[in-house]
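Written below as structure tokens is the structure these notes are about.
Note on naming: letters A, B, ... go to the chains in the order of the sequence lines (proteins, then strands), and numbering restarts at 1 for each one.
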There are 2 protein chains.
Amino acid sequence: MDNKTISEARDTLGALLRKPYESLQADVYAKLEARGFPDVRPAHSSVFRYIRPQGSRVTDLADSAQMTKQSMAYLAGSLKDLGYVRIVSDPDDKRAKLVVLTARGHAVWDALIELRDAAENACAEMIGRKRMAELRAILKDLGTAIEASQR
Amino acid sequence: MDNKTISEARDTLGALLRKPYESLQADVYAKLEARGFPDVRPAHSSVFRYIRPQGSRVTDLADSAQMTKQSMAYLAGSLKDLGYVRIVSDPDDKRAKLVVLTARGHAVWDALIELRDAAENACAEMIGRKRMAELRAILKDLGTAIEASQR
DNA sequence: CTAGTTAGACAGATAATCTGTCTAACAAAA
DNA sequence: TTTTGTTAGACAGATTATCTGTCTAACTAG
């Protein structure tokens, strides 16, 4: 057989992690589109993932999402243009802006949670609740260990 | 506590999958840079991951990587400019081009395998070989189940 | 031999990131 | 209180990585 590629017919850990992740994301965003939010894109998840109910500063969101404030400002700005957030001045610090979900933004937030839970449950059904619990436990361990090794 | 975010203090499956994946990737590409290949970027992995020793057509690479042939042509072209591949006419089909690794490209290919294996082994050390085997087994199951559910 | 399909090129657009510089506002220290 | 340093974000500009659409040359099948 002359079909050798970098994976050498073996499942790499990277591929094993990436495939379900991408499926999960594709599923959630396809269904979000079907629910009437076609303009919310995966990149926006950095905002929805970390935004707090009272609103969050661009800088804080950028820190959470591990990206530059310029990049986060771009994402927040695009969500503002699409009507999912308002950007208001922070009363506690006149330099700062708060990114705050609009009603439509809240609807997306709720939908994202619901769709994520549904997708995760579907996965759990597929492989069994017990194995899913085991998977989560190992992944959590691995994440913690990697984090520790980086410090 | 007023710290509620979309994750509601819970580890989402997406985050659990994403974090180790990104760490693995960052580690491999940082070390690749340290080895003298600073211009090979994660996006190029679509090429290195699927390219065959005899070379591969742009279209085939695009299919494997699940992207458009235009996008793959862009990546192949950028690797050509950087000296990691040559793009030669396919003798079997005058329309087609073969993307073929140069010596330098082969060096990257080898390094990627070595670094990937090292990174995976490091992970296995962290959580234990047995748990890593279990992780792989469950992820493989999950991947298969998701694939099946999509067809 | 003609009709349809495929491979890739070319043109153009957009999304999602980055770096660098600048100003206003805040915070801390003298 | 005034200066000095830091922080928040804005603005400008660049790059990377993707997309769609159209076109031509070459292959393939009827």
Do A:Ile87 and A:Leu98 come within less than 4.5 Å of each other through their side chains, counting heavy atoms only? no
Pick the closest DNA chain C nucleotide for A:Lys94 and for A:Pro42 by heavy atoms, then say which residue is nearer the 5' end. A:Pro42
Counting only side-chain nitrogens and oxygens, does B:Ser71 get under 4.0 Å of the OP1 or OP2 atom of D:dA17? no
B/S/- along nucleotides 4-15 of chain C (protein heavy atoms under 4.0 Å) is --BBBBB----S
Do side-chain atoms of A:Arg104 reach the backbone of A:Leu82 as a donor and acceptor pair under 3.5 angstrom? no
So for atom CD, which belongs to A:Gln66, do other residues, nucleotides or ligands contribute more than 12 heavy atoms lying within a distance under 6.0 Å? no
Take A:Asp90 and A:Arg95, measure what salt bridge (charged side-chain N to carboxylate O under 4.0 Å, His left out) needs, and give me the verdict at the end. CA-CA 8 Å; A:Asp90 185 342; A:Arg95 293 169 304 173; over 6 Å; no
Return the value, rounded to whole Å, for the distance between atom CD of A:Gln66 and atom P of C:dA16. 19 Å
In whole Å, I'd like the distance from the CE atom of B:Met67 to the C1' atom of D:dC19. 11 Å
A:Met72 CE - C:dT19 C1' separation (whole Å): 18 Å
Checking B:Ser56 side chain against B:Leu61 main chain: does a donor-acceptor pair fall under 3.5 Å? no
What's the NE2-C1' distance between B:His44 and D:dT18, to the nearest Å? 13 Å
Worked check of side-chain hydrogen bond (donor to acceptor under 3.5 Å, both in side chains) between B:Tyr84 and B:Asp39: CA-CA 10 Å; B:Tyr84 295 104; B:Asp39 43 14; 2.5 Å; yes
